[in-house]
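Indexing begins at 1, ligand by ligand and atom by atom, following the structure's order. In this text the structure is predicted, and so the values were computed from the model without any measurement.
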Amino acid sequence: MQQKIDPAKVRGEEVSQVEEIAGESMYRCYQCGKCSAACPATPEMDMLPSQVIRYLQLGLPEKVLKANTPWICASCLQCMTVCPKGVDLSRIMEGVRMMQLRHGENRIEMREFDEEYRKRAPQIVFISGLRKFQSLS
Ligand code: SF4
Ligand code: SF4
């Protein structure tokens, strides 16, 4: 007998919470990868932006909750600009950051950025990072 997939079960509570915080559905994304190709911060990320959304689609938030990607994301909106579905990944990243904070994880450590990266990174990366860091204190 054919089994039907229950989206609520696949999604799980944590992914639903990320969607709720973000105000964005994971399932509009069809994994074209344009966001990852356009993102200026991928050299510092340990997971591509499109992989973040894919793991969430698959109901595997535990993978994403260990990633540094949401903390490196500078909310520059480049990904949304190129996304054929208009998915706002910066909001999803914010949702994941909130979940990481609820798990007691501090993912931002400015000293971990090497000098070369600090020279070429847009200032918004650091301003954004400091804002997130301050939200922990
Ligand atoms: S560009 Fe949009 S549709 Fe394509 S992988 Fe990224 S979020 Fe998904
Ligand atoms: S908003 Fe974040 S994920 Fe999207 S392009 Fe900018 S840094 Fe990359």
Side-chain angles (χ1 to χ4, degrees):
M1 196 171 103
Q2 215 174 14
Q3 272 196 319
K4 276 194 174 174
I5 294 171
D6 179 351
K9 273 196 193 152
V10 173
R11 199 183 259 120
E13 196 182 327
E14 283 188 318
V15 176
S16 298
Q17 283 174 348
V18 171
E19 285 186 313
E20 198 178 320
I21 294 166
E24 184 68 84
S25 168
M26 308 302 159
Y27 296 94
R28 292 202 298 134
C29 165
Y30 66 141
Q31 287 292 298
C32 68
K34 286 189 177 182
C35 50
S36 297
C39 174
T42 52
E44 310 305 322
M45 293 172 169
D46 55 12
M47 183 182 286
L48 293 172
S50 54
Q51 289 175 316
V52 167
I53 203 163
R54 188 59 178 150
Y55 278 126
L56 293 171
Q57 284 175 335
L58 293 171
L60 298 169
E62 63 278 9
K63 301 265 187 197
V64 170
L65 291 172
K66 288 187 203 140
N68 76 356
T69 298
W71 296 95
I72 301 295
C73 169
S75 304
C76 69
L77 303 181
Q78 183 74 12
C79 48
M80 188 175 79
T81 309
V82 298
C83 176
K85 303 288 280 184
V87 175
D88 186 349
L89 255 169
S90 71
R91 294 169 72 128
I92 292 170
M93 298 293 187
E94 183 62 24
V96 176
R97 285 195 294 271
M98 294 302 287
M99 293 306 292
Q100 285 175 327
L101 291 175
R102 286 179 195 177
H103 283 252
E105 300 233 16
N106 176 7
R107 302 298 309 180
I108 192 83
E109 178 49 77
M110 300 305 280
R111 281 167 294 203
E112 282 178 10
F113 293 98
D114 66 42
E115 198 178 334
E116 188 50 38
Y117 181 69
R118 287 199 298 265
K119 276 186 205 157
R120 65 187 159 80
Q123 286 185 351
I124 190 171
V125 171
F126 297 109
I127 293 166
S128 168
L130 283 168
R131 271 204 217 113
K132 290 164 200 163
F133 182 70
Q134 282 168 351
S135 73
L136 291 174
S137 55

Specify the protein heavy atom at minimum distance from [atom]: its residue, its atom name, and the distance to 0.1 Å.
| atom | answer |
| --- | --- |
| atom 8 (Fe) of ligand 1 | Cys29 SG, 2.4 Å |
| atom 6 (Fe) of ligand 1 | Cys35 SG, 2.4 Å |
| atom 5 (S) of ligand 1 | Gly33 N, 3.2 Å |
| atom 4 (Fe) of ligand 2 | Cys79 SG, 2.3 Å |
| atom 2 (Fe) of ligand 2 | Cys73 SG, 2.4 Å |

Item to complete: Compute whether any side-chain donor of one residue and acceptor of the other, for Arg54 and Gln57, lie under 3.5 angstrom apart.
Response: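 Distance-only check passes for Arg54 and Gln57.
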Worksheet entry | For ligand 2, the portion of Leu77 having any non-hydrogen atom under 4.0 Å away |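 It is the backbone that gets close, since no side chain atom is under 4.0 Å.
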Taking the side chain as every heavy atom from C-beta outward, state whether [X] and [Y] have any atom pair closer than 4.5 Å.
| X | Y | answer |
| --- | --- | --- |
| Gln31 | Ser50 | yes |
| Met45 | Cys39 | yes |
| Ile21 | Met99 | yes |
| Leu48 | Thr69 | no |
| Leu89 | Arg91 | no |
| Met93 | Pro49 | yes |

Discussion item. Taking backbone and side chain together, does Cys76 place any N/O/S atom at a distance below 2.8 Å from atom 6 (Fe) of ligand 2?
Written reply: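 Short answer: yes, at least one N, O or S atom is under the cut-off.
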Worksheet item: Which ligand 1 atoms are under 4.0 Å away from a heavy-atom of Cys83?
Response: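 Near Cys83, the atoms of ligand 1 are 1 (S), 2 (Fe), 3 (S), 7 (S).
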Discussion item. Within ligand 1, which atoms have a heavy atom of Gln31 less than 4.0 Å away?
Written reply: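 This gives 5 (S), 8 (Fe) as the contact atoms.
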Practice prompt. Identify, by atom number and element, the atoms of ligand 2 in contact range of Ala74, meaning under 4.0 Å from any of its heavy atoms.
Written response: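 Close to Ala74: 2 (Fe), 7 (S).
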Practice prompt. To the nearest 0.5 Å, tell me how far Leu65 CG sits from Leu56 CG.
Written response: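 Here the rounded value is 8.0 Å.
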Worksheet item: Counting backbone and side chain alike, does Cys32 bring an N/O/S atom below 2.8 Å of atom 4 (Fe) of ligand 1?
Response: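 Checking atom 4 (Fe) of ligand 1 against Cys32, an N, O or S atom does fall under 2.8 Å.
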